[in-house]
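A note on names: the letters A, B, ... follow the listed sequences, proteins ahead of strands, and every chain is numbered from 1. What you are looking at is a predicted structure, and each value in this text was computed from that prediction instead of being measured.
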Amino acid sequence: EDQVTQSPEALRLQEGESSSLNCSYTVSGLRGLFWYRQDPGKGPEFLFTLYSAGEEKEKERLKATLTKKESFLHITAPKPEDSATYLCAVQAGGNKLVFGAGTILRVKS
Amino acid sequence: DTAVSQTPKYLVTQMGNDKSIKCEQNLGHDTMYWYKQDSKKFLKIMFSYNNKELIINETVPNRFSPKSPDKAHLNLHINSLELGDSAVYFCASSRDREYSPLHFGNGTRLTVT
């Protein structure tokens, strides 16, 4: 069965304090790994898609990387507006995404 | 312009009632979905339609019935609501069946009392 585990469950950072979120996965035949951001009361917002080990994507202060077993979302010099829940999801066959439970990030100024 | 919109945003109802949630997307996407987010925040797929054809039907009680009148709309009807149906339901769409990222609506919080 496809599984996604995210860690830590919650992370508190000071503004400017860089860190990483982890997404480890077990899937037969990875077609893609997706990162989403979810703000309270809103739907998930797409950030990145990674397709193969070694691939990296960047957007502003965020950088996503992928290995054969896990993905990292690196946050460089975060700001309070980066506070959100970050969700990781994997896609195997078909168009069904399997989501992790997310990491709640709080950035304090 | 809202890309994926769903109504209502909040729905409070009693056990045994029947209710519907509506979803519309103006992105021109071919595939639409219903996801359920439970109290532990896990998002789980319920249904997926591609050009009005049902392509994913997860293990969901048959009290839940999706309907897609056209590829821009996907509604969810729930019969005989139960306490365990309380959750946030998200509609989403994607350009095609595989690899394309999902675009989500802002959810419908259903509370069954």
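Heavy-atom distances place the side chain of A:Q38, and not its backbone, under 4.5 Å from chain B. Contact annotation for B:E58: only side-chain heavy atoms (C-beta onward) come within less than 4.5 Å of a heavy atom of chain A.
Ionic pairing of A:D39 and A:R37 is present here: one or more N-O contacts between side-chain nitrogen and carboxylate oxygen are shorter than 4.0 angstrom. The existence of a salt bridge linking B:D85 and B:R63 is confirmed by a sub-4.0 Å separation between a basic side-chain nitrogen and an acidic carboxylate oxygen. Under the 4.0 Å criterion applied to side-chain N and carboxylate O atoms, A:D82 and A:R61 are assigned as salt-bridge partners.
The one candidate from B:Y35, B:F90, B:F104 that meets the ring-ring contact (aromatic ring centres under 6.0 Å, His included) condition with A:Y36 is B:F104.
Counting heavy-atom pairs under 4.5 Å between each of B:Q37, B:R109, B:H103, B:K44 and chain A puts B:Q37 at the top.
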